[in-house]
Amino acid sequence: MICSCINSLCNPRAFLQQRETTCSHSRTHTHTHTHTQLHQISSSSTHTAADLQHSSSLTPAEMWTVSLMMAALACVLSQEAEESVSYTRCTEGYEYDPFKENAQIFINKENEASQSSDSVPQTHTETNHRSAANGGSQCSAGFTRDQHNYCHDVDECSQGLHTCGSDQICYNSRGSYSCQCQPGYQRHGEQCVDRNECLLSHYCMHRCVNTAGSYYCECNDGYQLASNNHSCVDVNECEVSQPCQHQCFNLLGSFICQCEQGYELGPDAVSCVDIDECSFSSYMCQYACVNSEGGYSCTCPDGYQIHRTRMCQDINECETAAHECREDEMCWNYYGGHRCYPRNPCLEPYVRTSENRCSCQSAAACRGLPQSIVYKYMNMHSERSVPADIFQIQATNIFSSAHYTFRIKDGNDGGQFFLRRFSSAGAMLVLTQSLEGPQELIVDLEMITQHSLMNYRSSSLLRLTIIVGPFPF
């Protein structure tokens, strides 16, 4: 109000209109004695200004300035008087609360009967509520009256005035309260029962496990829970635990183990056990198979050496000088060994005429004996298949008038051999029975020559020494 009057001083033309409006507005909200007082001050100010104008020799500008100052003084006095006696009037049904300086619901005893049947409006702010019942002033259920005769809400939850079960949570409300179940539970009548989240939308990727008041997710073997505790991600077992003894290959949700050569997976599918290759077949090695960790090896008997990992090859001791034969002896190698024979096998009355040949020099001394004896040696594997052609005998000098006859003279007591003639001057020694070594057989093959023109008969002997090795290789 003061600001309005002062601001009007800057606009002299609007001053009188503003002053009249302001003062008129003030008079409508003030008491009668205040209106009279202001009227007297205004009249006095008007007369004083008029008197000054008539009685003094002031200029018009000076007179105008004095009038403005008097008008401002009148506005100030009217504002102070108005503020000192102003009041607030409440609408019907409310009374002014001097403590909280706002309007509160108030029901006096004269209209209790008419108001008791009406509902009292409720607000979200703190409400002081009273109602009348049985001829006296009483708060509604869920409220209590304070010392100022106002009704306040009763917090049944904090004061233990509720009937919620031990498995329920009490929530206070205006004039009442409510009982709610713990998270993960739901109402079933008056009780709280577990809420099975697994039967609802649990969002577990693999398996949902319900618990009292909650649930959790599980993953299948080979997976683990992701950071969101619902999804499942593959576990690289090969990097985490290295379960395989040899080689590990990760799969989606699993893994597979592989073993190195010579091993196979054990019953647990992670460990590796040695493969006994020797038990697969007797043909793994020609002679003997020796199993080892992760592999195997072949061995050969004395007199042999390994050939191409599994075969046995005879060692020729006579060529390697790995023998004990004397200088007057000849070293003869056979399958798996060697033997020493005299370089001069001739006995009386025979004389050595060439290598391995002995001849009789005296007809009288060799009467009834072969004219010559030739010494031959041959090797043979044990258990050789039969029948087999093993040695050929043939006349060195062939005459058209001569007739040749061949026979086994000695060394065939067991009938192991047969002499088959293949030409007029030759025959083949056939093995008819399998021989097992080691053994040595001496077979004398005789060739008889009959000269029809000269009526001459002679014989020669081939002494064949057969050495059967101890093995079939």
Side-chain angles (χ1 to χ4, degrees), residues 220-223 234-325 331-340 377-390 416 431-441 466-473:
N220 297 333
D221 293 339
Y223 294 86
D234 175 58
V235 175
N236 191 337
E237 297 86 353
C238 298
E239 294 182 355
V240 175
S241 58
Q242 297 180 352
C244 300
Q245 183 177 355
H246 287 177
Q247 300 177 7
C248 180
F249 298 92
N250 186 60
L251 302 176
L252 189 61
S254 182
F255 66 95
I256 186 173
C257 296
Q258 288 188 359
C259 297
E260 297 174 358
Q261 185 176 1
Y263 294 86
E264 61 183 355
L265 283 176
D268 56 0
V270 294
S271 61
C272 295
V273 295
D274 175 60
I275 298 175
D276 187 1
E277 296 86 352
C278 298
S279 64
F280 289 167
S281 172
S282 60
Y283 297 99
M284 293 295 295
C285 297
Q286 190 175 28
Y287 175 65
C289 179
V290 179
N291 185 63
S292 59
E293 192 70 19
Y296 73 99
S297 60
C298 295
T299 61
C300 293
D302 293 340
Y304 290 86
Q305 61 184 1
I306 288 292
H307 178 65
R308 296 182 179 177
T309 68
R310 61 173 298 271
M311 302 299 291
C312 290
Q313 186 180 49
D314 174 58
I315 299 174
N316 192 335
E317 296 87 355
C318 298
E319 292 181 355
T320 60
H323 60 85
E324 66 282 356
C325 298
C331 178
W332 182 259
N333 183 72
Y334 65 92
Y335 296 114
H338 69 283
R339 292 195 176 188
C340 298
Y377 304 90
M378 68 170 296
N379 302 327
M380 183 180 295
H381 295 296
S382 178
E383 300 177 2
R384 182 172 179 175
S385 59
V386 293
D389 296 342
I390 60 174
Q416 302 96 331
L431 178 66
T432 58
Q433 296 181 12
S434 180
L435 301 177
E436 294 185 2
Q439 65 173 316
E440 180 184 80
L441 293 94
I466 302 173
I467 304 170
V468 182
F471 306 103
F473 46 86

- Message: Measuring from atom CZ of Phe471 to atom CD of Glu383, what distance do you get when rounded to the nearest 0.5 angstrom?
- Response: 11.0 Å

- Measure from the side-chain N and O atoms of Gln439 to the backbone N and O of Glu436, and report whether any donor-acceptor pair falls under 3.5 Å. yes

- Query: Tell me, do Gln416 and Leu441 make a side-chain contact under 4.5 Å, heavy atoms counted?
  - Reply: yes

- Task: Please answer whether the main-chain N or O of Arg384 pairs with a side-chain N or O of Ser434 as donor and acceptor at a distance below 3.5 Å.
- Result: yes

- Validation row: Pro243, Cys248 side chains within 4.5 angstrom (heavy atoms): yes

- Note on the structure: Taken in chain and number order and not counting sequence neighbours, the residues that satisfy side-chain contact (heavy atoms from CB on, under 4.5 Å) with His246 are Cys259, Glu260, Tyr263, Cys272

- Message: Tell me every residue that passes salt bridge (charged side-chain N to carboxylate O under 4.0 Å, His left out) with Asp389, counting only those two or more places apart in sequence or in another chain.
- Response: Arg420

- By side-chain contact (heavy atoms from CB on, under 4.5 Å), Asp314 pairs with (sequence neighbours left out) Tyr304, Asn333, Tyr335

- Item | side-chain hydrogen bond (donor to acceptor under 3.5 Å, both in side chains) involving Asp268 - partner list, sequence neighbours excluded | Ser271

- Note on the structure: To the nearest 0.5 Å, atom CG of Asn316 lies from atom CH2 of Trp332 at 9.5 Å

- Message: Using the rule given for side chain to side chain contact (heavy atoms under 4.5 Å, CB included), can you reason through Val270 versus Gln245, listing the C-alpha separation, both sets of side-chain angles and the distance that settles it, and then say yes or no?
- Response: CA-CA 6 Å; Val270 294; Gln245 183 177 355; over 6 Å; no

- Task: Answer yes or no: does atom CD of Gln305 have more than 12 heavy-atom neighbours from other residues, nucleotides or ligands under 6.0 Å?
- Result: yes

- Mind checking side-chain contact (heavy atoms from CB on, under 4.5 Å) for Thr299 and listing every partner two or more places apart, or none if nothing turns up? Tyr287, Ala288, Val290

- Message: Using 0.5 Å steps for rounding, measure from the CZ atom of Arg310 to the OG atom of Ser297.
- Response: 13.5 Å

- Separation between CG of Leu252 and CG of Asn236, rounded to the nearest 0.5 Å: 11.0 Å

- Task: Might you work through the disulfide (SG to SG under 2.5 Å) test for Cys340 and Cys331, ending with a clear yes or no?
- Result: CA-CA 5 Å; Cys340 298; Cys331 178; 5.5 Å; no

- Looking at CZ of Arg339 and SG of Cys325, how far apart are the two atoms once the value is rounded to the nearest 0.5 Å? 11.5 Å

- Side chain to side chain, Val235 and Phe255, heavy atoms closer than 4.5 Å: no

- Item | Test side-chain contact (heavy atoms from CB on, under 4.5 Å) applied to Cys285 - qualifying residues, sequence neighbours left out | Cys289, Tyr296, Cys298

- Message: Looking at every heavy atom in both Leu435 and Met380, which two are closest together, and how far apart are they?
- Response: CD1-SD, 3.9 Å

- Task: Identify the heavy atoms of Glu277 and Ile275 that sit nearest to each other, and give their distance.
- Result: OE1-O, 2.6 Å

- State, without any angle test, whether Glu319 and His338 hold a side-chain donor-acceptor pair at a distance under 3.5 Å. no

- Query: What are the two closest non-hydrogen atoms of His323 and Cys318, and how far apart are they?
  - Reply: CD2-CA, 3.8 Å

- Task: List the atom of Ile256, the atom of Cys244, and the distance in Å for their closest heavy-atom pair.
- Result: O-SG, 4.1 Å

- For Val468 and Ser382, which heavy atoms make the closest approach, and how far apart are they? CG1-CA, 3.8 Å

- Query: Under 4.5 Å between any side-chain heavy atoms of Leu431 and Ile466, yes or no?
  - Reply: no

- Measure across Asp274 and Gly295 and return the closest heavy-atom pair with its distance rounded to 0.1 Å. OD1-N, 3.8 Å

- Item | Min side-chain heavy-atom separation Cys312-Pro301 under 4.5 Å | yes

